[in-house]
Undergrad: 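After the structure tokens below, expect a handful of questions from me.
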2 protein chains.
Amino acid sequence: IENMDIKNIKVSELMIPAEKVAHVQLGNPIEHALLVLVQSGYSSVPVLDPSYRFCGTIGKTAILKSVLGIERFEMELLSQRKVEEVMRTDIPSLHKDTDFLTCMKTVINFAFACVVDENGSFEGILTRRAILKQVNKHMYL
Amino acid sequence: IENMDIKNIKVSELMIPAEKVAHVQLGNPIEHALLVLVQSGYSSVPVLDPSYRFCGTIGKTAILKSVLGIERFEMELLSQRKVEEVMRTDIPSLHKDTDFLTCMKTVINFAFACVVDENGSFEGILTRRAILKQVNKHMYL
Ligand SMILES: Nc1ncnc2c1ncn2[C@@H]1O[C@@H]2COP(=O)(O)O[C@H]3[C@@H](O)[C@H](n4cnc5c(N)ncnc54)O[C@@H]3COP(=O)(O)O[C@H]2[C@H]1O
Ligand SMILES: Nc1ncnc2c1ncn2[C@@H]1O[C@@H]2COP(=O)(O)O[C@H]3[C@@H](O)[C@H](n4cnc5c(N)ncnc54)O[C@@H]3COP(=O)(O)O[C@H]2[C@H]1O
């Protein structure tokens, strides 16, 4: 019976809005991205273009893999490379009106999905934690 | 009605067994831990003692934070520090017979929980992905 409520929850009610999402800009060196990731504590964050459109995501693994040499991590290369050379572009995007079940399926294989409008403008992120909190609320077992 | 099935699923059916879990050993330098994390691609993995008891978890953020100096990441310090100086010990542990609802509540705030027996011996990990796959299977909306 409680499933009827969960079916009607929308992305907009669950997402972390853009202003609260740590991100980096296209064109930033990966050195800046790594600082943002270490200081925020997040393993991966969105990459946005100058008009705040969603472009991809960047994470510590990809950054460190890109500078891992035969002998050591070549950290001097961090200032030379840009986020677009290293970012992932396979993170799913969702529209704000997407239904709950589609959202849940989306986060099975991704820790978060990006919320964008019809123009690709970044509106926020939908995290696994937000989905799990709702499922927990609605599961009376 | 389908909730009746989900209630009976046990940790043992959902967890990734110990032999498939990337981990590091107590006493390892964090340089080795960082290599394991970058090469496996995982953001955080368990730390085990020589008798395979679960001790904590170690992740890239904690490692990089520990070597972040005023000017740069001081990577030469990585070989000098041990995982126990940097690991987290607040990751929840679950027993193999724990019920599904408790498991789900546990991963609301943690990407994974460690499965241990009565002696603290490491048996595997219970991930958010495993929980979300089951919820998705059992939610016919
Ligand atoms: N500062 C903090 N305080 C309390 N708990 C924290 C935390 N940082 C991480 N966590 C916990 O660890 C989980 C995994 O974080 P991770 O950074 O790997 O993976 C995160 C990160 O890549 C991204 N993310 C979450 N919040 C973000 C934000 N405000 N800005 C940018 N990216 C964010 O979404 C992924 C999934 O987030 P989710 O919340 O489901 O799951 C988070 C959350 O439960
Ligand atoms: N090599 C890979 N292939 C395909 N997908 C991958 C992947 N590496 C990561 N992912 C995806 O990214 C999610 C977050 O991974 P993360 O490494 O931050 O966080 C992981 C990692 O810290 C740990 N973990 C998962 N599997 C592990 C393993 N075999 N050994 C050690 N730690 C593991 O549990 C956390 C949650 O894992 P979960 O599966 O729920 O969620 C994973 C999974 O959906």
Side-chain angles (χ1 to χ4, degrees), chain A residues 1-9 31 34-44 59-69 71-76 78-79 88 99-112 127-141, chain B residues 1-9 31 34-44 59-69 71-76 78-79 88 99-112 127-141:
Chain A
I1 298 302
E2 56 274 17
N3 285 344
M4 292 308 292
D5 298 326
I6 209 173
K7 203 168 159 185
N8 297 325
I9 297 174
E31 181 175 49
L34 189 59
L35 278 170
V36 169
L37 290 165
V38 173
Q39 289 166 343
S40 68
Y42 296 120
S43 50
S44 174
K60 296 190 198 83
T61 299
I63 292 174
L64 291 170
K65 260 192 178 145
S66 78
V67 301
L68 180 54
E71 308 243 317
R72 59 184 181 88
F73 288 100
E74 296 163 7
M75 304 304 266
E76 64 279 11
L78 290 174
S79 55
R88 284 177 68 167
D99 64 286
F100 188 84
L101 198 57
T102 304
C103 290
M104 190 167 68
K105 288 190 197 293
T106 305
V107 299
I108 286 174
N109 287 314
F110 296 92
F112 69 98
T127 62
R128 277 173 169 170
R129 183 174 181 275
I131 295 286
L132 287 161
K133 277 180 76 173
Q134 283 305 314
V135 173
N136 185 53
K137 262 172 77 174
H138 289 259
M139 226 175 230
Y140 307 86
L141 298 184
Chain B
I1 300 302
E2 57 274 18
N3 286 343
M4 291 309 291
D5 299 325
I6 209 174
K7 203 170 160 180
N8 297 325
I9 298 175
E31 180 173 51
L34 189 60
L35 277 170
V36 169
L37 289 165
V38 173
Q39 289 165 340
S40 68
Y42 296 119
S43 51
S44 174
K60 296 189 200 82
T61 299
I63 292 174
L64 292 170
K65 262 191 176 148
S66 77
V67 300
L68 180 54
E71 309 241 318
R72 61 186 180 86
F73 288 101
E74 294 163 9
M75 305 304 266
E76 64 280 10
L78 290 173
S79 54
R88 284 177 70 166
D99 64 284
F100 188 83
L101 198 56
T102 305
C103 291
M104 189 167 71
K105 287 188 196 295
T106 305
V107 298
I108 287 175
N109 287 315
F110 296 92
F112 69 98
T127 62
R128 278 175 169 170
R129 183 173 181 277
I131 295 287
L132 287 162
K133 278 181 74 171
Q134 283 304 316
V135 173
N136 185 53
K137 262 172 74 177
H138 289 259
M139 226 177 228
Y140 306 86
L141 300 183

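Residue numbers begin at 1 in each chain, while the letters A, B, ... track the order of the sequences.
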Undergrad: To the nearest 0.5 Å, tell me how far Arg72(B) CZ sits from Glu31(A) CD.
TA: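 With rounding to 0.5 Å, CZ (Arg72(B)) is 11.5 Å from CD (Glu31(A)).
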Undergrad: In Å and rounded to the nearest 0.5 Å, what is the CG to CG distance from Leu64(B) to Leu37(A)?
TA: 9.5 Å
Undergrad: Does Leu101(A) reach the side chain of Asn136(B), with side-chain heavy atoms less than 4.5 Å apart?
TA: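 Touching, per the 4.5 Å side-chain cut-off.
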Undergrad: What part of Leu68(B) gets within 4.5 angstrom of chain A, counting heavy atoms only: side chain, backbone, both, or neither?
TA: side chain
Undergrad: To the closest 0.5 Å, what do you measure between CG (Leu78(B)) and CZ (Phe73(A))?
TA: 7.5 Å
Undergrad: So how far is it from Lys60(B) NZ to Lys60(A) NZ, rounded to the nearest 0.5 Å?
TA: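 Nearest 0.5 Å value for the NZ-NZ distance: 7.0 Å.
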Undergrad: Work out which heavy atom in Lys65(B) is nearest to a heavy atom in Gln39(A); give both atom names and the distance.
TA: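 Smallest interatomic distance, heavy atoms only, reads NZ-O, 4.2 Å.
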Undergrad: In Å, rounded to the nearest 0.5 Å, how long is the span from CZ of Arg128(B) to CZ of Arg129(A)?
TA: 8.0 Å
Undergrad: Do you know which two heavy atoms are closest between Ile131(B) and Leu132(A), and how far apart they sit?
TA: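 For Ile131(B) and Leu132(A), the tightest heavy-atom pair comes out as CG2-CD2, 4.0 Å.
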Undergrad: CD1 of Ile108(B) to CD of Gln134(A): how many Å apart, nearest 0.5 Å?
TA: 10.0 Å
